[in-house]
Amino acid sequence: MTSKSAVKLSAVTGAAVAAMLGVSSANATTLEDVNSSGEFTCGVSTGLPGFSAPNDQGRWTGIDVEVCRAVAAAVFNDPEAVVFTPLTAAERFTALQSGEIDVLSRNTTWTATRDNSLGLNFTGVNFYDGQGFLVRNDLGVDSATQLDGAAVCVQSGTTTELNLADYFSANDMQYQQVAFDTSAQSAQGFESGRCDVLTSDSSQLAALRLQLSDPASVKVLPERISKEPLGPVVRQGDDEWFDIVKWTLFAMINAEEMGVTSENVDQMRDNPPNPDVARLLGQDGSYGEQLGLSNDWAYNIIKQVGNYGEVYANTVGMNSPLEIERGINALWTDGGIMYAPPIR
Amino acid sequence: MLRPSTSIPRRGRGPLWRDPALRALIVQIVLFAALALFIVFIVDNTLSNLAQRGINTGFDFLDQRAGFGISQTLVEYTSNSSYGRTFIIGLLNTLLVSVLGIVAATIIGFVVGISRLSSNWLVAKLAAAYVETFRNIPLLVQILFWYYAVLQALPSPRQSLSLFDLFFFNARGVEAPSPQPLPGFDLTLIALAVAVAATLGLAVFARRRQIRTGRALPMYRIGAAIIVGLPLLVFLVSGSPLDWSVPELSGFNFSGGITLIPELAALWVALSIYTAAFIAEIVRSGIMSVPKGQTEAAQSLGLRGNITMRKIVIPQAMRVIVPQLTSEYLNLTKNSSLATAIGYPDLVAVFAGTTLNQTGQAIEIIAMTMGVYLTISLIVSLLMNLYNSRIQLKER
Ligand SMILES: N[C@@H](CCC(=O)N[C@@H](CS)C(=O)NCC(=O)O)C(=O)O
């Protein structure tokens, strides 16, 4: 048995056993649990540069990883108080349901089924994405509508699989699907010529492309065939923890909007330029206490992890190898759709 | 003088609780009731816990639209089919690779096992090397080897290696012509059925005749002639009502013909080679368990080596071989679930993988999947036990 299917099995049997014996943490909340252990667990991908992947020192990096570090900073005043668990697409929800992880931050698309029937809650969106296609240049194709008859590599257990089927049948085209467990396998399948096309969320294609031996020999087709709002997920029924994860992301987005960065945050706290900043950084009101945290929760997030714009630039944006434009992920004030409710 | 006793004195029945049969029955009933109660408790508790956590339960999802594609479907399937259908597709794919694997592993295993006992030094050593190599490399590694090493070496569809322009080998698998029966082909099939029946009848007759007169008919040759000859004759007389769909490059890929996808090929080869190494050892131990005296006796009766093996040694060895062979067949079937490592759409990859993830109904789906493996295993055991009881020593 592969270690991956072992993890999956243990997650599934874990869920089954937990559900059967009712060893649910109905009595202890997630916040109490993580406070007593001094850390929490965060489910990430098995390796997708820019989103969640170990770097050459073995340290997890990526925009999804930083969300979990920010939660750790808010709760423990220590961004390192989080354990990362790599999960395949097919394992992720069971791992969260069974309590093996406390937050799932793994480029996961917010859909109705996942939000409403799996006993889970999405806490927001940290990246707006859309599905695209990656092809070899020598295939001589420049639009997805020319893909009739193609063999397509895709990751199993994703929205990608479903969109693919819908797109091809809507355009009256045939395809052969080859489904793999991890993105490393699908990338290898694509490289070895098993498929003509690799499909995934387009930002993830940019990441996978960098992992190919010759990134210049492939290109991403212009079509975006779906809406993929990616965001962190928690278990349903624990509103306190849900609020903490939700407002951690909001605090990062608000900080960018207010111009609070990891560099100027001390100065901003000591001399808040306006009441918004004072409330964000705990100089006015008790917004941290309302979450069950300390009032400098957002200060800790920004000081230790950064605001949304900084994290974006360093992980997927211009300071990273992926160099993905902000696009619709820009703040609403800059022509994008990133928008967080106010802290007041 | 001893008087033979004609009747054993009856003992009184005594109190009820002293009756061992009754006591055993009561214990059984109590245990069964406790077990049933426990199961009811678990099921009830599970359902209420799932409901409390807002997780959907029940089997309604089986009727819902699946909405994803599958690379190999033995029966009609589109993304508009239901989740229930994905179960069938996965199950058939599991059965397909298991049956193919069992057949190939048995053939390779017997050949290697018998070769290991060969008096030819080179053959025996080669067989030993085979066993020691393939038995000692983890199956998953072998599957990945056949998939990636072999796949990587094959060209793209446009540069396919071709054999007589009928068979094509490329990274998408093996493309082969497929027969397309035309009206009138039924006659040939009927002829085939008649030929098989006739051969079976003749075999029974030949056997009786041999028992009676001691003279054997060359049944293999006669049988082959009938089974091939009769349908062929009918086929030709009825005007060869069969067309071939030859694979042809169109667009990116081949159309027409049938395709053996590389996932199936790699899994089939790996499962067969790996399991054959174990079967070879079982065959060897079975043959060695037949006392040498049996061979010597056969030889002294003037039987040739080949016949001695087929008629004397193997039938006796089978009694030792079959029970162990059963467990190898079961292992192969269960090992086929490693398919998910290379994306072969078996039951675990399709149903316990994609379908589970799209619906989130882990408990129902895992229970159904476990039920399938249990059922397959029980059926294989049952068949093998039947066969085993047929070949057991008949004490007359
Ligand atoms: N956003 C989609 C797709 C997510 C997904 O799993 N994408 C692949 C892209 S190749 C991935 O992240 N793979 C990383 C891994 O295998 O761990 C979803 O939520 O279903």
Trainee: Under 4.5 Å heavy-atom distance to chain B, tell me which part of A/Asn163 shows up: side chain, backbone, both or neither.
Mentor: neither
Trainee: Evaluate the ring planes of B/Tyr77 and B/Phe68, with Trp represented by its six-membered ring, and classify them as parallel (under 30°), tilted (30 to 60°) or perpendicular (over 60°).
Mentor: tilted
Trainee: Of the non-hydrogen atoms in B/Ile137 and B/Tyr274, which two are nearest, and what is the gap between them?
Mentor: O-CE1, 3.6 Å
Trainee: When you measure from the centre of the six-membered ring of A/Phe190, is the NZ or CZ of A/Arg136 under 6.0 Å away and within 45° of the axis?
Mentor: yes
Trainee: So for A/Thr158, is it side chain, backbone, both, or neither that comes closer than 4.5 Å to the heavy atoms of chain B?
Mentor: backbone
Trainee: Return the option, out of B/Gly343, B/Pro138, B/Ser71, B/Ser48, with the maximum number of heavy-atom pairs under 4.5 Å with chain A.
Mentor: B/Ser71
Trainee: Check the surroundings of atom CH2 in B/Trp268: do more than 12 heavy atoms from other residues, nucleotides or ligands lie under 6.0 Å from it?
Mentor: no
Trainee: Aromatic rings A/Tyr175 and A/Phe168: how do their planes relate, parallel, tilted or perpendicular, breaks at 30° and 60°?
Mentor: tilted
Trainee: Which atoms of A/Glu161 are under 4.5 Å from chain B, going by heavy atoms: the side chain, the backbone, both sets, or neither?
Mentor: both
Trainee: Just so I understand: if I count every heavy-atom pair under 4.5 Å between each of A/Gly237, A/Ala150, A/Ser169, A/Ser156 and chain B, which residue has the most?
Mentor: A/Ala150
Trainee: If I measure from the heavy atoms of chain B, does A/Ala151 come under 4.5 Å with its side chain, its backbone, both, or neither?
Mentor: both
Trainee: Please give me the minimum heavy-atom distance between B/Ile273 and B/Trp146, naming the atom from each residue.
Mentor: CD1-CZ2, 3.7 Å
Trainee: Against chain B, work out which of A/Glu191, A/Gln177, A/Gln236 has the most heavy-atom pairs shorter than 4.5 Å and name it.
Mentor: A/Gln177
Trainee: Quick check on B/Ala66 against chain A: is it the side chain, the backbone, both or neither that has a heavy atom closer than 4.5 Å?
Mentor: backbone
Trainee: Please classify the contact of B/Leu139 with chain A as side chain, backbone, both or neither, using a heavy-atom distance under 4.5 Å.
Mentor: neither
Trainee: Does any backbone or side-chain atom of B/Gln361 lie under 4.5 Å from a heavy atom of chain A? Answer side chain, backbone, both or neither.
Mentor: neither
Trainee: Name the region of B/Ser337, side chain, backbone, both or neither, that has any atom closer than 4.5 Å to a heavy atom of chain A.
Mentor: neither
Trainee: Tell me, for A/Asp138 versus chain B, whether the close heavy atoms (under 4.5 Å) come from the side chain, the backbone, both or neither.
Mentor: backbone
Trainee: Would you check if there is a donor-acceptor pair between the side chains of A/Arg224 and A/Ser202 at a distance under 3.5 Å?
Mentor: yes
Trainee: More than 12 heavy atoms of other residues, nucleotides or ligands under 6.0 Å from CD of A/Gln174: yes or no?
Mentor: no
Trainee: Given that the side chain runs from C-beta out, which part of A/Leu139 has a heavy atom under 4.5 Å from chain B: side chain, backbone, both or neither?
Mentor: both
Trainee: Please flag which part of B/Tyr147 lies under 4.5 Å from any non-hydrogen atom of chain A: side chain, backbone, both or neither.
Mentor: side chain
Trainee: If we count only N and O atoms by modelled type, under 3.5 Å, do the side chains of A/Ser143 and A/Thr145 hold a donor and an acceptor together?
Mentor: yes
Trainee: Give the ring-plane orientation class for A/Phe40 versus A/Trp241, where under 30° counts as parallel, over 60° as perpendicular and anything between as tilted.
Mentor: perpendicular
Trainee: Counting only non-hydrogen atoms closer than 4.5 Å, does A/Gln146 touch chain B with its backbone (N, CA, C, O), its side chain (CB onward), both, or neither?
Mentor: backbone
Trainee: Using heavy-atom distances under 4.5 Å, tell me whether A/Leu162 contacts chain B through its side chain, its backbone, both, or neither.
Mentor: both
Trainee: Who among A/Gly189, A/Cys153, A/Cys195, A/Gly140 has the most heavy-atom pairs with chain B under 4.5 Å?
Mentor: A/Cys195
Trainee: For chain B, which of A/Gly157, A/Ala165, A/Ala89 has the most heavy-atom pairs under 4.5 Å?
Mentor: A/Gly157
Trainee: If every non-hydrogen atom of A/Arg209 is compared with every non-hydrogen atom of A/Lys219, which pair is closest and at what distance?
Mentor: NH1-CA, 4.5 Å
Trainee: On a heavy-atom basis, which atom in A/Ser183 and which in A/Leu208 lie closest, and how many Å separate them?
Mentor: CB-CD2, 3.9 Å
Trainee: Which answer fits A/Val154, side chain, backbone, both or neither, if we ask what part of it has an atom under 4.5 Å from a heavy atom of chain B?
Mentor: neither
Trainee: Where does A/Ser117 contact chain B at under 4.5 Å (heavy atoms): side chain, backbone, both or neither?
Mentor: both
